[in-house]
Amino acid sequence: MAKLFNDDVRTQITEILAQTKNPIQLVLFTKEGVCPTCQETQQLLEEVCETNEKLTLSVKSIETDKALADTYGVTMTPSFVILDSKGVYKGVKFNGIPAGHEINSLISALLEMSGLTIHYQEQVLNRINSIEKPINIKVFVTLSCPHCAGAVQNAHRLAMLNPNIEAEMIEAQTFQELSTKHNVSGVPKIVINDQHELVGNQPIEAFLEKIERI
Amino acid sequence: MFDLSFNTTQQSTLFDTTDRWDLLIIGGGPAGLNAALYAQRKGLKVGLIAKDIGGQLHNTTDVDNYLGFQRLEGKTLSNQFLNHVKALDVPIKSDVFVTQITPQKALFSLQLSNGKTLFSKTIIIATGSKPRKLNIPGEETFSNRGVSYCTTCDAPFFKDKHVIVSGGGNSAAEAVLDLSYWAKHITVVHRSRWRADKLLLDKISNLPNVTIHLETQIINVDGDEMMRGVHVLDKNTQSTRFIHAEGLFIEIGTIPMSDLVTGFVQLNANHEIVVDAMQMSSIPGLFAAGDVSHQPFKQIIIAAAEGAKAALAVTQYINQKTKESY
């Protein structure tokens with residue numbers, strides 16, 4: 001099968017992922033039969049994991065491994081989660097293939113989940129730590145959107161820093177039904193707990209202001 | 001298929017060890033990156049602070065008017081710019097933004113969003129510009145419910161739909177060409193005449209699914225949950241009518257991001273920083289380059305050239321000041 005990464009991209013990704021600190025695992029859920037982008041997503045993650053031995057991929061079926069999918073709240077395919085070095089799910093999820101500009105949010109999530117420090121001001125970290133309600137953040141993206149990866153990165157960082165927060169990238173074209181349900185016609189669109197909306201690549205403070213008002 | 005622009009490395013840069021600079025450049029578009037390139041080659045102690053590397057180049061699908069490069073994607077050009085600058089080891093800080101600039105006696109102080117303060121002998125403002133809004137009723141309400149300012153981001157949502165493009169410059173013409181792959185029909189509404197390049201207009205005239213209304217002004221955006229269309233005024237007949245459409249892409253130019261220096265630097269009526277032939281603003285030591293400066297043509301090659309000019313002028317300025325015993 002032809003590779004997704006050309007030599008140039010593979011070299012760059014290998015160089016960046018050389019900063020991976022601790023071993024981490026990706027768990028991908030796919031489905032037999034009709035599953036647009038399942039195969040491509042699996043191939044992408046395989047090629048990413050080939051660049052660094054600290055990254056491993058485990059491929060599961062949303063049907064036969066339903067109990068595990070339920071543990072991570074996975075309901076769609078393709079969907080994958082990134083577990084930390086202890087195998088703990090910290091709420092970092094991708095629905096759909098993180099190609100195009102989203103390769104950047106994937107790399108960022110891998111490095112930071114592996115233990116690279118997330119640099120936020122102490123005041124911001126304190127605000128993140130004080131969130132006690134369960135929060136779900138959906139970030140709708142298109143792969144041609146240059147501003148979207150930043151929004152996904154912020155959402156995933158919130159999830160990594162607070163166990164009450166879960167954050168998921170949603171590739172809008174693959175999951176059109178969900179996008180229509182949330183009236184997505186422009187990206188990035190951020191939907192918190194399925195009802196509170198933010199539009200655009202917002203700074204972390206904007207996420208916090210919205211969450212604190214819930 | 002992959003638009004790698006990952007820029008967060010854990011490698012320490014000069015930003016970790018010093019707070020005193022010859023030159024700090026604010027902005028990571030063509031002007032800022034080229035200024036960094038020239039200043040580094042001159043041996044200045046230079047750093048670049050930019051949240052968004054590439055700037056508006058990322059919103060451009062194809063660049064076809066940068067000398068030496070034919071039909072290049074905006075993001076490819078921006079990555080080439082960045083790689084060139086990185087190859088020279090210019091320190092880049094992209095996890096903070098500048099919140100305040102204060103001119104002091106011989107230095108400028110820059111407050112950063114992480115609470116730190118930096119000091120520099122000179123500054124180049126290359127913060128660029130952001131999309132201009134129509135400022136009409138309904139625009140805000142239906143923002144991202146049909147109204148969009150980013151064609152490359154949002155075009156896929158308008159597959160087989162009718163969309164309106166507002167504007168008459170090159171950005172509007174390029175939006176029409178981008179959308180023609182997705183939309184069923186595109187209606188251009190512009191309050192005056194076309195200003196776009198003939199080459200682009202020729203391409204548009206070959207498209208079967210484009211209607212053009214010039215001398216026509218959009219009055220408001222209407223809809224319920226989502227946008228349903230716009231009311232327009234035909235300036236020749238003074239008649240108004242409703243155009244049904246699911247999307248409105250606003251490409252009517254940009255507004256300069258000069259907020260950081262508003263109040264102490266001379267701006268023109270458009271809020272652009274007024275600069276002299278050396279790219280220096282009304283404050284000695286503070287330079288501006290690219291879309292934020294008051295030059296009239298907002299082009300990639302002009303922004304890059306202004307960046308180069310500004311960096312060379314900074315070098316001369318610092319040398320002069322050193323002679324006068326800095």
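We name chains A, B, ... by the order of the sequence lines, and we start the count at 1 in each one.
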Atom [atom1] of residue position [X] - does it have more than 12 heavy atoms of other residues, nucleotides or ligands inside 6.0 Å?
X	atom1	answer
A:E32	CD	no
A:K60	NZ	no
A:E212	CD	yes
B:Q111	CD	yes
B:H84	NE2	no
A:K86	NZ	no

Contact class of [X] relative to chain B, heavy atoms under 4.5 angstrom:
X	value
A:Q123	neither
A:I97	side chain
A:L143	backbone
A:P188	backbone

Heavy-atom side-chain proximity of [X] to [Y] below 4.5 angstrom:
X	Y	answer
A:Q176	B:K159	no
B:D154	A:V187	yes
B:C150	A:H147	yes

Structural part of B:K75 lying under 4.5 Å from a heavy atom of chain A:
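Just its side chain gets close to chain A.
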Can you tell me which portion of B:F158 sits under 4.5 Å from chain A's heavy atoms? Options are side chain, backbone, both or neither.
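Side chain only.
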Is there a donor-acceptor pair closer than 3.5 Å between any side-chain N or O of A:S144 and the backbone N or O of B:T152?
yes
Contact leader toward chain B among A:N183, A:T180, A:V184, where contacts are heavy-atom pairs under 4.5 Å
A:N183
Of all of A:C145, A:P98, A:P146, A:S185, which one pairs up most often with chain B through heavy atoms under 4.5 Å apart?
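Of the candidates given, the most pairs with chain B belong to A:S185.
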Where B:F2 and A:V9 come nearest, the two heavy atoms and their spacing
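Closest approach of B:F2 to A:V9, heavy atoms only: CB-CG1, 4.4 Å.
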